[in-house]
S.K.: 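The structure's right below; bear with me while I get my questions together.
All residue numbers refer to positions in the sequence shown, counting from 1. This one's a predicted model, so the numbers in the text were calculated from it and none came from an experiment.
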Amino acid sequence: MFTLRKYSKRRRAWALSGALAAALALSSCATGSAAYNDSLKDLDEFAPLAPGGTLYITIDVPAARPILDAVDLSMMRNMNKKRVAQILDRTRSAVAAYYPENAPRRFQAAARGAYPKARANTAFFFDGAWKKQTSEIGDSYWHSARDKMSVSLSNDRAFVSDGDPFTPRPGALSPADFGDFRRGVVLAGWIENAAEPINRFLASLGLPIEIPAGRTLFAVHEAGGFYQGTIRMETPSESHARALAAIVGMARLFMPAPAPLEGRDLTPTDLAATLFANPPAQDGVYLTMRTGDLSAAGAALLFSQFSVYSTQNKP
C-alpha cells in the first residue's frame, strides 16, 4: 500500500508540474500586445496594413455577411470554411490588402471584434503545425508553414497574413476622398493603378473597351434587399474622362437589359449588362459608374473577379 500511495502521489505531482509548465508556456506564447493595439487608435483605419499593396478593402462584416459567405478569395482557400465562418461571427469590421508577388507578403488583414484569445492560443500551442515567431516590430505571432498562414489574436483584434501579420507605423494611408466615398456602404476599397486589371477584367467579359484608369475607388451598398456597386475611376485628363463617358454610353446601347440574378448562375453577359446598367457620370478627370442590382452571390462573383484581375501578375 505504501508503494502504491507513493506512486500515486508522484503521478499527481508530475501532472501538476506538467499543467503548471503548460500554463507558463501558454502565458508566454500569447500573441499581440496592448501597446501595439493602442498605437492604432488615432491612425487611419488602414494603418495596420503595409503600404505598397495593389488592392485595399474595408468591410462592415455583419452588413456584408451574405456577400462574404459567397465570396471566393485566394487568401481564404487554405482555411477551413467552418473556421472562417466562426471568425466572421466574431468580427465587426476588417481591412485587408493584396501585394505584388515579390513583396514580403501576398495578403494581410486586420479585424476588430471579440475573439477567444486564450482558447485560440491554447489550440495553437498544442498543434505542432503552428510555431511561435517574432515580428519585426517585436510582437509574437503564430505561423503555420502547412497552412501558409500567420495569426495574432488579442481580445478585440485579429491580424492575419501569409507573412508577418504586423506592420511598423505609420502603415498604409487611405486616399483623401475615401472617407466620404465609403460612407454607409457594406464594403469599399481602392486600386492604385487600375488600368491593367480593369482592362483585363473587361476583356474577360468580351468588351473591347480600354480605360486608362489611375487610382480607382469601388464600393458596394445594400439597396432594397439587393446590392449595387459604384466604381470611381481617375483618368489622365478631363478630355479622357469625357471621351470614355461617350464610349461607355455608346457601348450601353448594345447591352442587353440586366436580367434577374437571383437563383441562377451568372454568365459574362449578365456581369457586363449589370456593370453597364446605368449611364456613366463625368466629374472633371473622374468617371463614375454604378451597377444594376446584384444578388449577394452576384456581388460576390463581381468582387471576386475584380479582385482576381487586380492581384494577378502580368501575363
Side-chain angles (χ1 to χ4, degrees), residues 31-32 36 40 44-61 64 67-81 83-88 90-91 93-113 115 120 124 129-131 133 135-137 139 141-153 157-168 170-174 178 187-194 196-197 200-201 216-218 220 300-314:
T31 59
Y36 182 79
L40 299 172
D44 191 280
E45 66 174 316
F46 288 90
L49 307 179
T54 57
L55 169 71
Y56 289 88
I57 184 170
T58 178
I59 306 171
D60 178 339
V61 173
I67 298 175
L68 296 176
D69 286 340
V71 78
D72 180 23
L73 292 177
S74 59
M75 66 181 287
M76 295 181 178
R77 289 175 189 159
N78 292 318
M79 298 182 68
N80 179 277
K81 289 186 176 181
R83 185 174 298 175
V84 171
Q86 291 172 340
I87 293 173
L88 294 177
R90 294 179 171 273
T91 301
S93 63
V95 292
Y98 284 91
Y99 299 90
E101 188 174 38
N102 59 350
R105 56 179 70 81
R106 290 304 308 276
F107 76 88
Q108 189 177 16
R112 300 293 301 270
Y115 303 108
F124 286 136
W130 292 86
K131 307 297 182 183
Q133 297 189 9
S135 166
E136 62 176 309
I137 70 166
D139 280 16
Y141 62 90
W142 295 100
H143 178 74
S144 169
R146 177 196 65 193
D147 300 314
K148 299 179 181 178
M149 193 78 62
S150 300
V151 178
S152 174
L153 289 176
R157 286 186 180 269
F159 303 93
V160 183
S161 179
D162 59 339
D164 189 334
F166 292 108
T167 298
L173 182 67
S174 58
F178 185 71
L187 64 86
W190 78 92
I191 304 170
E192 282 295 338
N193 300 296
E196 182 180 342
R200 288 166 64 190
F201 173 63
T216 296
L217 310 185
F218 60 88
V220 175
L301 179 59
L302 185 63
F303 174 69
S304 296
Q305 291 294 312
F306 200 64
S307 298
V308 164
Y309 287 103
S310 299
T311 57
Q312 280 183 343
N313 296 312
K314 295 181 180 180

S.K.: Taking all non-hydrogen atoms of both residues, which atom of P170 and which atom of A47 are closest, and how far apart?
M.R.: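 Heavy atoms only, the tightest pair is O-CB, 3.5 Å.
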S.K.: Of the non-hydrogen atoms in P100 and G52, which two are nearest, and what is the gap between them?
M.R.: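 Minimum heavy-atom contact is CD-O, 3.6 Å.
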S.K.: Measure across I191 and L55 and return the closest heavy-atom pair with its distance rounded to 0.1 Å.
M.R.: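 Where I191 meets L55 most closely, the heavy atoms are CG1-CD1, 3.7 Å.
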S.K.: Measure across Y56 and A172 and return the closest heavy-atom pair with its distance rounded to 0.1 Å.
M.R.: CE2-CB, 3.8 Å
S.K.: Please check this pair: side chain of Y141 against backbone of S161, looking for a donor-acceptor N/O pair closer than 3.5 Å.
M.R.: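 Side chain of Y141 to backbone of S161, a donor-acceptor pair under 3.5 Å: no, none is there.
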S.K.: Just how far is it from atom OG of S144 to atom CE of M149, taken to the nearest 0.5 Å?
M.R.: 8.5 Å
S.K.: Mind checking side chain to side chain donor-acceptor pair (under 3.5 Å) for S150 and listing every partner two or more places apart, or none if nothing turns up?
M.R.: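 S150 satisfies side chain to side chain donor-acceptor pair (under 3.5 Å) with H143 once adjacent residues are dropped.
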S.K.: Only one of F218, F46, Y98 passes ring-ring contact (aromatic ring centres under 6.0 Å, His included) with W190; say which it is.
M.R.: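 Of the listed residues F218, F46, Y98, the ring-ring contact (aromatic ring centres under 6.0 Å, His included) partner of W190 is F46.
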S.K.: Looking at every heavy atom in both P48 and T167, which two are closest together, and how far apart are they?
M.R.: O-OG1, 3.0 Å
S.K.: First locate atom CZ of R157, then atom OH of Y115, and finally report the distance between them rounded to the nearest 0.5 Å.
M.R.: 9.5 Å
S.K.: Can you tell me how far CD of E196 sits from OG1 of T54, rounded to the nearest 0.5 angstrom?
M.R.: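 That separation rounds to 11.0 Å.
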S.K.: Within this structure, what is the CG-CG distance for the pair D162 and D147, rounded to the nearest 0.5 Å?
M.R.: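 Here the interatomic distance stands at 12.0 Å.
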S.K.: Measure the CZ-CG distance between F159 and L49 for me, rounded to the nearest 0.5 Å.
M.R.: 9.5 Å
S.K.: Counting distance only, does the side-chain N/O of Q108 pair as donor-acceptor with the main-chain N or O of A50 below 3.5 Å?
M.R.: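 Yes, Q108 side chain to A50 backbone: donor-acceptor pair under 3.5 Å.
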S.K.: Do Y36 and F166 have ring centroids that are under 6.0 Å from one another?
M.R.: yes
S.K.: When you measure from the side chain of R106 to the backbone of Y99, do you find a donor-acceptor pair of N or O atoms at a distance under 3.5 Å?
M.R.: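 Judged by distance alone, yes, a pair lies under 3.5 Å.
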S.K.: Quick one: side chain to side chain donor-acceptor pair (under 3.5 Å) partners of D164, sequence neighbours excluded?
M.R.: S135
S.K.: When rounded to the nearest 0.5 angstrom, what distance separates CG in L68 from CG in D60?
M.R.: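 These two atoms lie 9.5 Å from each other.
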S.K.: Heavy-atom distance under 4.5 Å between the side chains of P168 and I137, does that happen here?
M.R.: yes
S.K.: Holding to salt bridge (charged side-chain N to carboxylate O under 4.0 Å, His left out), I want the full list of residues that pass it with D44, two or more places apart in sequence or in another chain.
M.R.: none
